[in-house]
Protein chains: 2
Amino acid sequence: MDIDRLDLRILAILQKNNRLSNIELADQVGLSAPACLKRVQRLRKEKVIVDDVSIINPKLVGNTLTMIVSVEMDRDQADIYQRFRRSMDQAPEITQCYQVSGNYDFLLVVCVKDIQAYEEFVDRVLHTQLNIRKFHTSVSLRTVKFSTEVDLKGLTKDR
Amino acid sequence: MDIDRLDLRILAILQKNNRLSNIELADQVGLSAPACLKRVQRLRKEKVIVDDVSIINPKLVGNTLTMIVSVEMDRDQADIYQRFRRSMDQAPEITQCYQVSGNYDFLLVVCVKDIQAYEEFVDRVLHTQLNIRKFHTSVSLRTVKFSTEVDLKGLTKDR
DNA sequence: GTTGAAATAATCTCTAT
DNA sequence: ATAGAGATTATTTCAAC
């Protein structure tokens, strides 16, 4: 799928706020409402727009503790990694997980209510994973930035 | 602000999909449309719902490289930390930044187009920060999980 | 929180470019 | 293949209860 300047402008707006009406959006990018809608629908269908969601403040809902967990696996075996990756989806406490190169293999961002909830998470998710050699937890003292926006500057792939 | 079971159900739905109509939402939680709308408006006003956004697939838009950067600061000085934190907001490449306890001080998740863009980012954002003692970059081989959902299980603070 | 009504918006079809 | 105009349908949102 190719994405032109107009699509990028639409994406730039929607990734900041997807609750403006199609009419407003069309206005801002200089299209008629139907033309604009067609583009947005296409972007959703093609999964350029993956999801449309409300972002909740975890603190205001009781999840005040964020932990950064680095995980080192026992062996570099494809099936072990795959099993581990699949287990990540099952745990709602894990908000992000990256497979990385370097001293450890996976980096997890875990968001929980309190230390008890974290311990429960460790028991349920990490200690049941054989093949973890070791893992290291550090506490996030502050979420300095949490953005869902993709940097769209300098991506003017025109057709 | 207190949040009852109904609010939590509303949040659980909206953080998965905020594009369903208020009527559908009301239906799913068992309220009339206006009653439901009032709750949602309140949740937005009170910033329990922080934002409403479209999530873009960074790969489909050209940002294929994710870097994990750990930063160690020179001194534990409040103003130095504060300045650093403020600079995080300025850089669109930084999607997440956590201030952490342990061997290093900040953890950054940086999303860019390619290595050149990353080098440009390092020069512009990190090398201009005096007070960084050192930083370490590792490449994300795979984004195993990226979720914006907050775990709402076991948070039944009723009134 | 509900019901009913008015104002808005989304979206479909069709036409034109 | 993509944009625009008009009409239909659906939704949001306001009052009154």
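Here is how names work: the chains are called A, B, and so on, in the same order as the sequence lines, proteins then strands, and each is numbered from 1.
In terms of the side-chain contact (heavy atoms from CB on, under 4.5 Å) criterion, residue partners of A/Thr66 (sequence neighbours excluded) are, by chain and number, A/Val109, A/Cys111, A/Ser140, A/Thr143, B/Tyr98. With sequence neighbours excluded, the residues that form a side-chain contact (heavy atoms from CB on, under 4.5 Å) with A/Ala12 are A/Leu152. Residues passing the side-chain contact (heavy atoms from CB on, under 4.5 Å) test with A/Asn17, sequence neighbours excluded: A/Arg19, A/Leu20. Qualifying ring-ring contact (aromatic ring centres under 6.0 Å, His included) partners for B/Tyr81, counting only residues two or more places apart in sequence or in other chains: B/Phe106. For A/Thr148, the side-chain contact (heavy atoms from CB on, under 4.5 Å) partners two or more places apart in sequence, or in a different chain, are A/Ile55, A/Phe146, B/Val53, B/Ile55, B/Thr148.
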Which letter, B, S or -, goes with each nucleotide of nucleotides 9-17 of chain D from 5' to 3', with contact meaning a protein heavy atom under 4.0 Å?
--SBBB---

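Counting only residues at least two apart or in different chains, salt bridge (charged side-chain N to carboxylate O under 4.0 Å, His left out) contacts with residues 114-127 of chain A comprise A/Glu93-A/Arg124, A/Glu120-A/Arg124.
The C1' atoms of five pairs define one axis at each end of the helix from C/dG1-D/dC17 to C/dT17-D/dA1, and these two axes lie 30° apart (to 10°).
Scanning residues 45-53 of chain A for heavy-atom distances under 4.0 Å to DNA chain C yields an empty list. Using a 4.0 Å cutoff on non-hydrogen atoms, no part of residues 25-32 of chain A comes near DNA chain C.
B/Ile23 forms part of no hydrophobic cluster, judged by ILVMFWY side-chain heavy-atom separations under 4.5 Å.
Of all nucleotides in DNA chain C, those with any atom nearer than 4.0 Å to a heavy atom of chain A start and finish, going 5' to 3', at C/dA9 to C/dC12.
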